[in-house]
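Working notes, beginning with the structure itself.
Hydrogens, waters and symmetry mates are skipped; everything else that's a heavy atom, side chains included, is used. When a ligand or atom number is given, it counts from 1 through the structure's own listing order.
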Amino acid sequence: MTTANPIRRPLIAGNWKMNLDLKASVELVRALTLAVPRGFQGEVMVAPPFTALTVVGEALRDSPIRLGAQDLFWEEKGAFTGEISASQLKDAGCWSVLIGHSERRRIFADTDAWVRRKLEAALKAGLIPVVCVGETLEERESQRTWRVLETQLKGGLEGFAPSALAPLVVAYEPVWAIGTGKTATPAQAQEAHLFIRKQAAALYGPAFASGLRILYGGSVTPENIDSLMAEPDIDGALVGGASLKADSFSRIVGFRSPAAR
Ligand code: PGA
């Protein structure tokens with residue numbers, strides 16, 4: 001088995017969703033800064049709720065762990081009650097932002113056109129965008145996985161200058177694997193990641209595609225991270241439930257690459 005392209009630094013991102021109060025958030029990142037393995041060659045990020053961004057950012061000062069947000073709105077400022085702009089996220093110390101998470105798509109009706117606008121705003125503000133795509137169980141069972149991924153990728157990513165899109169990260173998160181304890185097998189995930197890479201090549205050429213980081217998300221745990229990361233097109237993980245505990249998240253960050261085993 002070939003290992004991942006060395007130009008794609010592994011990225012392990014924790015998506016806290018709507019969890020943890022301020023005290024618990026700070027305790028978690030303090031524990032993480034101690035527990036994240038020294039010499040880790042990749043990047044680590046946590047995405048707390050908006051209300052915890054500044055305290056978590058403060059607790060992460062002088063730490064290699066980066067701060068991310070879970071969503072943004074594309075307008076710069078104005079009468080958009082309840083929304084947060086890309087520049088406000090930058091101001092709060094964010095390095096990255098998740099876009100188009102399946103919970104946003106399903107519960108809050110985010111569309112591919114919205115993903116595209118949010119992506120544009122994130123890039124303009126200098127945030128690393130993590131665009132999430134993935135099929136539902138019904139779509140997988142009715143053989144529509146590839147069509148769904150193609151539609152989400154085209155709808156969200158089309159029409160940028162390839163150089164502007166260079167910081168892009170894509171997360172493949174099969175909806176049926178999120179929070180269900182049912183992880184995609186490494187082979188299923190690899191197949192989807194390869195498909196996503198081919199779509200990226202069709203949109204922006206092979207050089208862009210071979211440098212694109214594609215994370216897997218959906219019930220990632222300390223038990224399955226090593227086998228997922230052994231796949232050549234899996235460049236990291238977007239972790240929900242298992243990112244809420246310092247011991248499980250730091251074990252995921254310390255995944256053993258095939259070469260080290
Ligand atoms: P999970 O969530 O790890 O709890 O399945 C992943 C995600 O939704 O990003």
What's the shortest heavy-atom distance between Arg256 and Asp226, and which atoms?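 Minimum heavy-atom separation between Arg256 and Asp226: N-OD1, 2.9 Å.
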Could a heavy atom of Gly218 be found less than 4.0 Å from some atom of ligand 1?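 For ligand 1, residue contact (heavy atoms, under 4.0 Å) with Gly218 is present.
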What do you reckon, does Ala177 put a non-hydrogen atom under 4.0 Å from ligand 1?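 In this structure, Ala177 qualifies as a contact of ligand 1 - some heavy atom is under 4.0 Å.
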Salt bridge check: are [X] and [Y] linked by an N-O gap of less than 4.0 Å?
X: Glu158; Y: Arg116; value: no
X: Asp110; Y: Arg105; value: no
X: Glu150; Y: Arg147; value: no

Protein contact to [atom] [nearest heavy atom, distance to 0.1 Å]:
atom: atom 4 (O) of ligand 1; value: Gly241 N, 2.9 Å
atom: atom 7 (C) of ligand 1; value: Glu173 OE2, 3.1 Å
atom: atom 3 (O) of ligand 1; value: Gly240 N, 2.8 Å

Look at the rings of Phe80 and Phe73 and say which category their plane angle falls in: under 30° parallel, 30 to 60° tilted, over 60° perpendicular.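 Correct class here is tilted.
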Do any nitrogen or oxygen atoms of Ile178 lie less than 3.5 angstrom from nitrogen or oxygen atoms of ligand 1?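 By distance alone, the answer is no.
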Going by distance only, is there an N or O of Gly179 that falls short of 3.5 Å from an N or O of ligand 1?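 Yes, at least one N or O pair falls under 3.5 Å.
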Which atoms of ligand 1 sit under 4.0 Å from any heavy atom of Asn15?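 Selected atoms, number and element: 9 (O).
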Just which atoms of ligand 1 are under 4.0 Å from any heavy atom in His101?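 Contacts of ligand 1 toward His101, numbered from 1: 7 (C), 8 (O), 9 (O).
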Using the rule that two of Ile, Leu, Val, Met, Phe, Trp, Tyr join whenever any of their side-chain heavy atoms come within less than 4.5 Å, decide whether Leu194 and Ile196 are in one cluster.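 The answer is no; the residues belong to distinct hydrophobic clusters.
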In a table with atom names and distances, give each donor-acceptor pair under 3.5 Å that connects a side chain of residues 128-135 to protein atoms at least two apart or in another chain.
from	atom 1	to	atom 2	distance (Å)
Glu135	OE1	Tyr172	OH	2.9
Glu135	OE2	Arg140	NE	2.7
Glu135	OE2	Arg140	NH2	3.2
Glu135	OE2	Tyr172	OH	3.0
Glu135	OE2	Trp176	NE1	2.9

